[in-house]
Amino acid sequence: MDPDFWLFAAVGFAAQLVDGALGMAYGVISTSVLLSFGVTPANASASVHAAKVFTGAASGASHIYHRNIDWRLLALLSGGGVLGGVIGAYVLTSVPGEAVKPYVVGWLFLMGLVILYRAWRQARPKVFSWRSPFPLGLLGGFFDAIGGGGWGPVVTSSLLGAGADPRKAIGTTNAAEMFVAIATSAAFLGSLLSGHWETEGLGGLMWSLAGLIAGGVVAAPVAGWMTKVLPLRLLTWIVGVLVVALAVWQGISLP
């Protein structure tokens with residue numbers, strides 16, 4: 001079996017364990033690692049979203065089992081996220097990879113700072129409003145498609161900052177991510193089949209994609225349980241530092 005499978009299985013396991021427990025970081029971590037291997041932004045985003053279809057389904061099932069879902073919030077976030085993801089995928093496949101990579105690296109760096117801010121923040125949460133989830137999902141889905149990660153850092157952080165119950169916010173964001181991933185993957189596939197997006201090297205990522213899926217699916221049930229029992233602040237710090245470090249590393253290597 002290709003060594004890339006085991007490497008990315010480990011990446012997928014760790015990323016999903018964190019994402020399922022925190023409601024963020026699967027896409028950011030996985031995309032950061034793929035970019036560091038020289039994968040183009042569009043290929044990285046397409047691969048990660050294909051993996052998210054499977055890991056999101058497993059994670060959503062785990063959170064449903066542990067009763068971490070708010071169904072009304074799930075519908076509103078998913079609707080906005082699907083629309084934003086499709087738009088983001090179209091934009092990403094319209095721009096040459098080398099031209100967009102600096103912006104993607106910058107976005108990942110920003111998301112790392114957002115995660116660190118979540119670990120540091122001690123402010124009193126505001127009253128949560130039901131008027132905001134659809135546009136929040138739209139924004140999260142768009143940036144998630146553009147950067148291959150961003151759904152959790154945008155959506156979960158905003159929900160928690162607005163005063164949503166942490167367990168429900170994390171579980172619902174994870175469950176909604178599956179629908180966003182399906183729509184975004186379909187948009188990438190449609191762009192490829194229609195000739196709008198011409199890509200090279202996507203086929204060589206099959207073992208990496210299989211590893212991301214396998215590791216993430218194995219981790220998902222554990223992550224759903226962790227959401228209920230684990231103190232999350234230290235884990236948030238670790239993820240934030242990791243993502244910022246990967247983004248800086250990629251930024252230094254840019255031409």
Donor-acceptor check, side chain of D144 to backbone of W151, threshold 3.5 angstrom: yes or no? yes
Could you check whether any side-chain heavy atom of V39 comes within less than 4.5 Å of a side-chain heavy atom of S47, counting everything from C-beta outward? no
Is there a side-chain contact between T40 and N43, using heavy atoms and a 4.5 Å cut-off? yes
So how far is it from Q16 CD to I29 CD1, rounded to the nearest 0.5 Å? 10.0 Å
Could you state whether Y65 and V218 fall into the same hydrophobic cluster, counting links through intermediate Ile, Leu, Val, Met, Phe, Trp or Tyr residues with side-chain heavy atoms under 4.5 angstrom apart? no
For F142 and Y90, I'd like to know if the aromatic rings sit close, meaning centre-to-centre distance below 6.0 Å. no
Can you tell me how far apart NZ (K168) and CG (L74) are? Round to the nearest 0.5 Å. 11.5 Å
Can you confirm whether F8 sits close enough to I213 that some side-chain heavy atom of one is under 4.5 Å from a side-chain heavy atom of the other? no
Taking the side chain as C-beta and beyond, is there a heavy-atom pair between T184 and V86 under 4.5 Å? no
Tell me the closest heavy-atom pair linking T55 and V217, and the distance in Å. CG2-N, 3.9 Å
Please output the side-chain donor-acceptor pairs of residues 174-181 that fall under 3.5 Å, not counting sequence neighbours, one pair per line with the distance.
| from | atom 1 | to | atom 2 | distance (Å) |
| --- | --- | --- | --- | --- |
| N174 | OD1 | S59 | OG | 3.2 |
| N174 | ND2 | D19 | O | 3.2 |
| N174 | ND2 | I170 | O | 2.9 |
| E177 | OE2 | K52 | NZ | 3.1 |

Using a 4.5 Å cut-off on heavy atoms from C-beta on, say whether the side chain of L212 contacts that of F54. no
Which pair of non-hydrogen atoms, one from P41 and one from L92, has the smallest distance, and what is that distance? O-CD2, 4.0 Å
Return the orientation label for the H49 and F188 ring planes: parallel under 30°, perpendicular over 60°, tilted otherwise. tilted
Determine whether F37 and L7 make a side-chain contact, defined as any pair of heavy atoms from C-beta on separated by less than 4.5 Å. yes
Can you tell me how far CZ of R72 sits from OG1 of T172, rounded to the nearest 0.5 angstrom? 13.0 Å
Any side-chain heavy atom of S45 sitting closer than 4.5 Å to one from I146? no
Please find the pair of heavy atoms, one from T173 and one from G152, that lie closest to each other, and give the distance. CG2-CA, 4.4 Å
Minimum heavy-atom separation for V48 and G27, please, with both atom names. CG1-CA, 3.9 Å
Can you check whether I69's main-chain N or O pairs, donor with acceptor, with R167's side chain at less than 3.5 Å? no
What's the separation between atom CG in L159 and atom CG in D70, rounded to the nearest 0.5 Å? 9.5 Å
Closest heavy-atom pair and its distance - S30, A15: OG-CB, 4.0 Å
To the closest 0.5 Å, what do you measure between CG (L139) and CG (L136)? 7.0 Å
Compare every heavy atom of T31 with every heavy atom of A44, then report the nearest pair and how far apart it is. CB-CG2, 4.2 Å
Indicate yes or no: at least one non-hydrogen side-chain atom of Y117 is less than 4.5 angstrom from one of L113. no
